[in-house]
Amino acid sequence: MNNAEVAQVFEDIADLLEIKGEKVFKVIAYRRGAESIRSQGRDINAIWKEGKLEDIAGVGKAIAEKTDELLRTGKLEYYENLKHEIPIGLLDMLKVGDVGPKKAARFWKELDITSVEQLEAAAKSGELQELSGMGAKSEARILESIEALKRRQTGRMSIGVALPIAERLLGELRQHPMVKAAETAGSLRRLRETVGDLDLLVSTDHPEEVMQAFVELPIVGRVRSKGPVKTSVELIDGVRVQVWTHPSERFGTALQYATGSKDHNVRLRELALSMGLSLSDQAFKLDDGGEITVANEAEVYEKLGLPWIAPEMREDRGEIQAARNGDLPKLIEVKNLRGELHAHTTWSDGKNSIDEMVRAAMKEGHKYLAITDHSQSLGIANGLTVKRVEQQRKEIAKARKGLKAKFALLHGTEMEILADGSLDYADEVLARFDLVIASLHTSLRQPRKQVTARMLNAIRNPHVDIIAHPSGRLIGKREPADLDMDQILEAALEHGVILEINSNPERLDLNDIYARRAAEMGIPLAINTDAHRPEHLAFRSFGVGVARRAWVTSKQVVNCWTAARMQKWLKARG
DNA sequence: GCCGTTTTCGGCCCGACTGTTTTCAGTCG
């Protein structure tokens, strides 16, 4: 079992215990343990073999023992017993809005409902409102929520989809005369790879008017709840949006609160309490009943004796401790990037010519660009035969002549790692490229040993400079290859191979967890867009988001090097 | 169930909105 699978078991246990009515802190402990296991940059199996399970934050004796049983036998008796006791279909019911553990338990015990389908039927027949405490409105809300759940399908959307929608809504809000400021919050502001709902925060002294104007926007489909402080809607395409209002003098605590993550906020409040302060979205409350309002988010941290912590780091992954110790890294920024090392043209499956991509890269502010079209085996993408590589080399040489001295154009390739582990070009062909990227596009579902061996073979080839989108995942569409990442990272470090953070919001690969581990190990990283057209070059902000979530500084990213340093490094590698 | 710059026991973050139960529980974030 991998980290995600183990984490899922503990998340299910948390849900089941909650339905059972178990103490809430026990439930929270399982959730925290699950999240912690999920966000380890290392294979849980490796940690287990070293006997270091209890070193994981949030994993104590009980969860360690259960993890041990899971990894040893593939099963967990405690979990099986729970599932025997409580129908597993109730977990799906928790995904329905307005249905939590208490209601799910009652529907099951009092009406024998154990699935979303049965819940829908009961709501339609008016059965639900016969329960005490349930009325016609509650029943109608549940029906609406089931409909919404069907529309939503996957539940979370890519940050690449979410951010443009949020920007559009912010634009609308900022046009309102009574709005002083409007910002993103929640996982959107933390630049998580996927976003469940959009959290927006508005500074205003006229909350009722602003909320009214917001729910009247044509893009809003359904109002889930509406108050002056908090309003929750669903857009016509099913995207859920939550808007909070606060007066400007409380905007600092409000923005901090709404940005989360929940776990980060819990830690921060614990720290506040230890200093005799109670922190909420409203203010710091003092023991004597007084309060301190904060307009600026940085001041919230300042009051707690901390430097401001970038939103991307607020995941309770050690950032508060680092802040206390003065060890926060100076995170990379988009403006630190000097070049793009992964781009396609019409020579393979790109949509634009070499010249057009060069102009686009210059416009983006880059000082260098590597053209890295696909290799011969990727027929579907019009991969280049050795003969066409030579033709392309001539065109690139020609393009260089038209360039100002300040811009470097590199001739690279994105070479296939074939299903049998061999590489798509012979070494003497690879030697003539300025830059060689190797990547997996096919046979991603091979067993762990096989697919890992393919990748290791590529890393060990002296001509390979970068491994692109290592896992091959497409968020929400295709699972990552079952790579032994511990081995991959070790090999990359040993052979000085760069690992890519692919900035395409569908990929974001390496993800934040492995990027952090790679950076900690000292493996050089590249932030590339894999652009197939000029507009894609702007994806780099998403890649930088992943890097920032991974605590990465500009020193650890090769795209921050000057063109001269990059060329020197590549030449030295051969 | 986890954890320790108050603690190895006794805590564990805080508030808005909704529906319905005349005083609050449930859900959500």
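None of these values were measured; they are calculated from a predicted model. Chain letters run A, B, ... following the sequence lines, proteins first, then strands; residues in each count from 1.
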Classify the nucleic acid contact of Asp98(A) as base, sugar-phosphate or nothing, counting any heavy atom under 4.0 Å across all strands shown. sugar-phosphate
Measuring only the P atom in each nucleotide, how far is dT18(B) from dC12(B)? A whole number of Å is fine. 29 Å
Looking at Ser138(A), I'd like to know whether one of its side-chain N or O atoms comes within less than 4.0 Å of OP1 or OP2 on dT18(B). no
Do the side chains of Arg517(A) and Arg42(A) get nearer than 4.5 Å, heavy atoms only? yes
What integer number of Å spans the P atoms of dG29(B) and dT23(B)? 29 Å
Establish, yes or no, whether the cationic atom of Lys83(A) lies under 6.0 Å from the six-membered ring centre of Tyr79(A) and within 45° of the ring axis. yes
The residue, Lys26(A) or Ala258(A), whose nearest nucleotide of DNA chain B is more 5′ is Lys26(A)
Please confirm whether Lys303(A) makes a cation-pi placement over Phe284(A), using NZ or CZ under 6.0 Å from the six-membered ring centre and within 45° of the ring normal. no
Separation of atom CH2 in Trp244(A) from atom P in dC14(B), rounded to whole Å: 15 Å
Sub-4.5 Å side-chain heavy-atom contact between Met313(A) and Leu328(A): yes
Which value, in whole Å, describes the distance between the C1' atoms of nucleotides dC9(B) and dC14(B)? 25 Å
If you look at every strand shown and take non-hydrogen atoms under 4.0 Å, does Lys262(A) touch a base, only sugar-phosphate, or nothing? base
Output yes when at least one side-chain N/O atom of Ser278(A) is less than 4.0 Å from OP1 or OP2 of dC14(B), else no. yes
Same-atom distance (C1') from dT5(B) to dG1(B), integer angstrom: 23 Å
Whole Å only: how far is the CE atom of Met134(A) from the C1' atom of dG26(B)? 11 Å
With the side chain defined as heavy atoms from C-beta on, Ser280(A) is closest, among dC17(B), dC13(B), dC14(B), to dC14(B)
Which of the following nucleotides, dC17(B), dT27(B), dC13(B), is nearest to the side chain of Lys103(A)? dT27(B)
For Tyr30(A), which contact category applies under a 4.0 Å heavy-atom criterion: base, sugar-phosphate, or nothing? sugar-phosphate
Which comes earlier along DNA chain B counting from the 5' end, the contact point of Ile28(A) or that of Gly133(A), where each point is its nearest nucleotide? Ile28(A)
Parallel, tilted or perpendicular: ring planes of Tyr30(A) versus Phe10(A), cut at 30 and 60 degrees: parallel
Counting only side-chain heavy atoms from C-beta out, which of dT20(B), dG1(B), dC17(B) sits nearest to Lys137(A)? dT20(B)
Same-atom distance (C1') from dG10(B) to dG15(B), integer angstrom: 25 Å
Between atom CD1 in Ile142(A) and atom C1' in dC28(B), what is the gap in whole Å? 14 Å
Using OP1 and OP2 only, check whether a side-chain N or O of Gln242(A) sits under 4.0 Å from dA16(B). no
In whole angstrom, give me the gap between the C1' atoms of dT20(B) and dA25(B). 10 Å
Can you tell me if Asp92(A) uses its side chain to pair, donor with acceptor, with the backbone of Ser115(A) under 3.5 Å? no
Pairing check on dT8(B): which nucleotide meets the Watson-Crick or G-U wobble criteria with it, both distances under 3.5 Å? none
Closer than 3.5 angstrom, by distance alone: can the side chain of Glu5(A) be matched with the main-chain N or O of Asn2(A) as a donor-acceptor pair? yes
Between atom CZ in Arg141(A) and atom C1' in dT20(B), what is the gap in whole Å? 13 Å
Taking N or O atoms only and anything under 3.5 Å, show me the protein contacts with nucleotides 2-10 of chain B, one pair per line.
from: dC2(B); atom 1: OP1; to: Gly60(A); atom 2: N; distance (Å): 2.6
from: dC2(B); atom 1: OP1; to: Ile63(A); atom 2: N; distance (Å): 3.2
from: dC2(B); atom 1: OP2; to: Ala62(A); atom 2: N; distance (Å): 3.3
from: dC3(B); atom 1: OP1; to: Gly58(A); atom 2: N; distance (Å): 2.7

Rounded off to whole Å, could you give me the CZ-to-C1' distance for the Arg269(A) and dC12(B) pair? 14 Å
Quiz question: going by heavy-atom distance under 3.5 Å, is there a donor-acceptor pair between the base of dG29(B) and the side chain of Tyr257(A)? yes
Under 3.5 Å donor-acceptor, Gln129(A) side chain and Glu139(A) backbone: no
Determine the interatomic distance between P on dC17(B) and the same-named atom on dC13(B); round to the nearest Å. 23 Å
Under 4.0 angstrom, heavy atoms only, what part of the nucleic acid is Val96(A) near: base, sugar-phosphate, or nothing? sugar-phosphate
Separation of dG15(B) atom C1' from Arg250(A) atom CZ, nearest Å, is 13 Å
Using a 4.0 Å heavy-atom cut-off across all strands, classify Val99(A) as base, sugar-phosphate, or nothing. sugar-phosphate
Taking atom P of dC14(B) as reference, at what distance in whole Å does atom CD of Gln256(A) sit? 13 Å
Winner on side-chain proximity to Gln282(A), out of dA16(B), dT27(B), dG29(B), is dA16(B)
Atom-to-atom span, CG of Leu268(A) to C1' of dC13(B) - whole angstrom: 10 Å
Donor-acceptor contact below 3.5 Å, side chain Arg473(A) vs main chain Leu508(A): yes
Mind checking the C1' distance from dC3(B) to dT8(B)? Whole angstroms is fine. 9 Å
Scan side-chain atoms only and decide if Asn504(A) and Asn502(A) contain a donor-acceptor pair under the 3.5 Å cut-off. no
